[in-house]
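Both counts, for ligands and for their atoms, begin at 1 and track the order of listing.
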Amino acid sequence: MNEIFLLKLGEIVLKGQNRFTFENKLKQNVRRRLKHFGDFHIYIVQSTVYVEPQSDACDLDGAWEACGTIFGVVSMCRCRAAEKNLDAIFDAVMEYLGDELAAAESFKVESKRSDKSFPLGSIQISQEIGGRIAEALPQVRVDVHDPAYLVNVEIRDYAAYIHGPAVPGAGGLPTGVGGRAAVLLSGGIDSPVAGHMIAKRGAEIECVHFFSYPYTSERAKEKVLELARLMTKYTGRMTVDIVGFTEIQEAIRDRCPEEYFTILMRGFMMRIAQEIALDHGCGCLVTGENLGQVASQTMEAMACTGAVVKLPMFHPLIGMDKEDIVRIARKIGTLDTSILPYEDCCTVFTPRHPKTKPQLAQVEAAEARLDVDALVRRALENTEKVQVRFYEDE
Ligand code: ATP
Ligand code: MG
């Protein structure tokens, strides 16, 4: 049971006065996330979260994977704790990393000494341990410039910790330090990534989805709920508000000029999402829009949709290339679900020649024959709230 995880904090370290708030939030988040994997002692010392299993019943592999989804952690390592003396440290290195070391072509030992009372400096520790390794494994050469394998020794307050190369954490800031955001979630590739990116900056998120039964199927809705569930692996649990959008789409189709269908529909989405956002205490709306990707994602079109709401609208993907978005979707695990072929409500009433450079006055004239307030109110009444979570007991 002398295995332990060290999670290194990223930007939090720079946050001056707020640092303790940030650290406490992170600690809470780690505790909540690891609850499912057994009893762990979790504390922060010297800008590092220590995760110590308290019994052999802990699921260390599950916990390690979950640590990789916690925002605010920049890098992490799985370590062996040893007593703070060279013999114990060397024994631990050989026992814990011996197989990997023996298989490597070359190695280097890097040491850090944050316990300044330890009698040797970091260079001396590295030389001592490196020398003993070289003696024990003569076939593995020492290479201080470009080692194939890096052995880390950290002399900290309570113990010495030994680990191989650190792996990247989820990055960003701890969930809960950045306010709350309402994400407009469609079934596509982009919006789950947009939601993930805003969550990565410390925001808690809620999602809003518009669906148009019977033009879109029950399975399209299930797909979106599954996307939301996948997102909660990183973001923690959330509510998805599912808004019945059929009446609005039919009203637009029946009473407005076709070239404005999409832009009008998007205006309604924003108005409704704003009401839901305010209800959840969210301070912004988030979409997966991306400049130039489709007709409704020109500057002019986005200005018209933005004009109907007061909350700030954030579009984290605005300047990204599709291949970069796809790469993130793959990494966070939403891509395979996003590409399942179910229809989205946007595609159902797509105009043949959408206006790509609409003016606000024209858009307002185009919707003059609709009772906007009444349509918004009825859609809000026709909203279902679904709780989603990745882990059963979260
Ligand atoms: P995505 O891949 O996220 O579907 P997209 O490139 O297909 O994006 P659009 O369909 O034009 O783009 O939608 C732009 C944004 O509007 C989406 O990223 C999402 O934030 C929001 N949106 C579109 N359709 C819906 C919907 N049915 N419910 C909720 N939000 C939606
Ligand atoms: Mg879409």
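For ligand 1 and D190, the ligand atoms under 4.0 Å from any heavy atom of the residue are 1 (P), 2 (O), 3 (O), 5 (P), 6 (O), 8 (O). Residue G188 approaches ligand 1 through these ligand atoms, each under 4.0 Å from one of its heavy atoms: 1 (P), 2 (O), 4 (O). With ligand atoms numbered from 1 in the order given, ligand 1 contributes 26 (C), 27 (N), 28 (N), 29 (C) to contacts under 4.0 Å with heavy atoms of F210. Set against the non-hydrogen atoms of G288, the atoms of ligand 1 under 4.0 Å away are 17 (C), 18 (O), 20 (O). Short contacts between ligand 1 and V208, defined as distances under 4.0 Å to a heavy atom of the residue, involve ligand atoms 29 (C). Against a heavy-atom cut-off of under 4.0 Å, I189 is close to the following atoms of ligand 1: 2 (O). Under a 4.0 Å criterion applied to the non-hydrogen atoms of T287, ligand 1 contributes the atoms 20 (O).
Heavy-atom contacts from other residues, nucleotides or ligands closer than 6.0 Å to CZ of R141 number more than 12. For D254, the CG atom counts as densely surrounded, since its 6.0 Å shell holds more than 12 non-hydrogen atoms of other residues, nucleotides or ligands.
Only the backbone of L185 comes within contact range of ligand 1, with a heavy atom under 4.0 Å; no side-chain atom does.
For the atom pair OH of Y215 and CD of Q249, the computed distance is 8.5 Å after rounding to the nearest 0.5 Å. Atom NE2 of H196 sits about 11.0 Å away from atom CG of L317, to the nearest 0.5 Å.
Under the 6.0 Å distance and 45° angle rule, R19 does not count as a cation-pi partner of F22.
Here's the thing with V286: none of its N/O atoms is less than 3.5 angstrom from an N/O atom of ligand 1.
Across H315, M313, Q297, heavy-atom proximity to atom 12 (O) of ligand 1 is greatest for Q297. Ranked by closest heavy atom to atom 16 (O) of ligand 1, the top entry among R266, K221, M269 is R266.
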| Audit row: E65, K233, side chain to side chain contact (heavy atoms under 4.5 Å, CB included) steps and yes/no | CA-CA 11 Å; E65 194 195 331; K233 185 173 182 188; 3.0 Å; yes
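Taking the six-membered ring where the residue is Trp, the centroids of H41 and Y43 are separated by under 6.0 Å.
Salt-bridge check for R132 with D87: passed, with a basic side-chain N closer than 4.0 Å to an acidic carboxylate O.
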